[in-house]
Amino acid sequence: MFWDRKGGLQVLMVTSRDTGRWVMPKGWEMDGKKPWAAAAIEALEEAGAKGRIGRVQIGSYVYGKVLEDGTVLPCNVRVYPMLVEKLKRNWKERNQRKRKWFSPAVAARRVHEPELADLLRTLAEGTFAALDLKRIVAAA
């Protein structure tokens, strides 16, 4: 995320590799890594985003991950805020995904997961004041 010149919050979204729907960068937990550190690695791999990541979870949501055999695995995603300081031109999954900045309100309309849409609307409504988000990330 970042704040634009007018002070509006922007969130970075990527397309999923399988369906092309808009999602937040996310991934599996990694052995030996704190959850926020794993989230930072995933943001770099999926979106080419580098920055400071907060250690305080700002929300969570559940979605159904469809496996190769068609089985649907419910996944609980914990969301950690990242203040994006740099977007790399070349990143690991750049040929598999698109990335784009959205306002939280627009992002909420683009995602398919209802709980993620709710979290994004909460950001859009200012329930998390900009100062609070900045403080959470600055504490990292």
Side-chain angles (χ1 to χ4, degrees):
M1 66 181 55
F2 84 101
W3 283 266
D4 63 23
R5 292 181 184 159
K6 296 179 182 178
L9 180 63
Q10 299 290 304
V11 293
L12 185 61
M13 306 294 285
V14 296
T15 55
S16 68
R17 290 188 292 186
D18 53 355
T19 65
R21 72 190 189 287
W22 289 103
V23 298
M24 285 187 153
K26 63 187 174 306
W28 303 98
E29 291 186 5
M30 299 176 186
D31 288 340
K33 299 282 184 198
K34 299 289 185 188
W36 59 86
I41 291 167
E42 292 295 335
L44 179 60
E45 290 179 356
E46 293 185 0
K50 295 183 82 172
R52 288 180 288 147
I53 193 155
R55 296 179 180 186
V56 176
Q57 173 183 321
I58 62 168
S60 64
Y61 66 97
V62 177
Y63 80 102
K65 172 80 173 169
V66 180
L67 303 178
E68 289 181 10
D69 66 1
T71 304
V72 178
L73 178 67
C75 293
N76 186 12
V77 178
R78 292 178 280 181
V79 179
Y80 293 89
M82 173 187 271
L83 183 59
V84 176
E85 297 169 333
K86 181 180 181 179
L87 285 178
K88 296 182 73 164
R89 289 181 191 254
N90 294 306
W91 71 96
K92 185 175 182 178
E93 297 182 12
R94 76 181 186 286
N95 294 324
Q96 302 166 31
R97 301 177 186 271
K98 295 177 185 174
R99 67 180 178 197
K100 186 173 181 178
W101 290 104
F102 293 99
S103 70
V106 171
R109 291 192 299 268
R110 299 280 177 105
V111 300
H112 293 191
E113 298 82 4
E115 292 173 322
L116 176 55
D118 289 344
L119 174 60
L120 289 162
R121 278 191 290 276
T122 299
L123 292 172
E125 293 164 2
T127 304
F128 289 105
L131 181 60
D132 290 341
L133 281 173
K134 289 178 181 175
R135 187 176 30 215
I136 288 169
V137 175

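Nothing here was measured: the structure is a model prediction, and the numbers come from that model.
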Residues 74-85 side chain polar contacts: donor-acceptor under 3.5 Å, at least two apart:
unit_1	atom_1	unit_2	atom_2	d
Arg78	NH2	Glu29	OE2	2.3
Glu85	OE2	Arg52	NE	2.9

Output side-chain donor-acceptor pairs under 3.5 Å for residues 4-15, partner residues at least two apart or in another chain, one line each.
unit_1	atom_1	unit_2	atom_2	d
Asp4	OD1	Lys6	N	3.0
Asp4	OD1	Gly7	N	3.0
Asp4	OD1	Gly8	N	2.7
Thr15	OG1	Lys98	N	2.9

Only distances under 3.5 Å count here; give the side-chain donor-acceptor pairs of residues 31-50 to other protein atoms, sequence neighbours excluded, each with its distance to 0.1 Å.
unit_1	atom_1	unit_2	atom_2	d
Glu46	OE1	Lys26	N	3.0

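No chain of hydrophobic side-chain contacts below 4.5 Å, direct or via other Ile, Leu, Val, Met, Phe, Trp or Tyr residues, connects Phe2 to Trp91. When the side chains of ILVMFWY residues are joined at heavy-atom separations under 4.5 Å, either directly or via intervening members, Met1 and Val111 end up in a single hydrophobic cluster. Linking ILVMFWY residues whenever their side-chain heavy atoms come closer than 4.5 Å, directly or via other members, places Trp3 and Leu119 in the same cluster.
Taking Val106 as the reference, Phe102, Ser103, Arg109, Arg110 meet the side-chain contact (heavy atoms from CB on, under 4.5 Å) condition, with sequence neighbours excluded. With sequence neighbours excluded, the residues that form a side-chain contact (heavy atoms from CB on, under 4.5 Å) with Asp18 are Ser16, Arg21. Considering only residues two or more places apart in sequence or on other chains, Asp69 meets the side-chain contact (heavy atoms from CB on, under 4.5 Å) condition with Leu67, Thr71.
The two residues Ala124 and Ala105 have their closest heavy-atom pair at CB-N, 3.6 Å.
The line from CG of Asn95 to CZ of Arg17 is 12.0 Å long, rounded to the nearest 0.5 Å. In this structure, NE2 in His112 is found 6.5 Å from OG1 in Thr19, a value given to the nearest 0.5 Å. Between Trp22 atom CH2 and Glu113 atom CD the span is 13.5 Å, to the nearest 0.5 Å.
Counting only residues at least two apart or on different chains, no side-chain hydrogen bond (donor to acceptor under 3.5 Å, both in side chains) pair has a member in residues 58-67.
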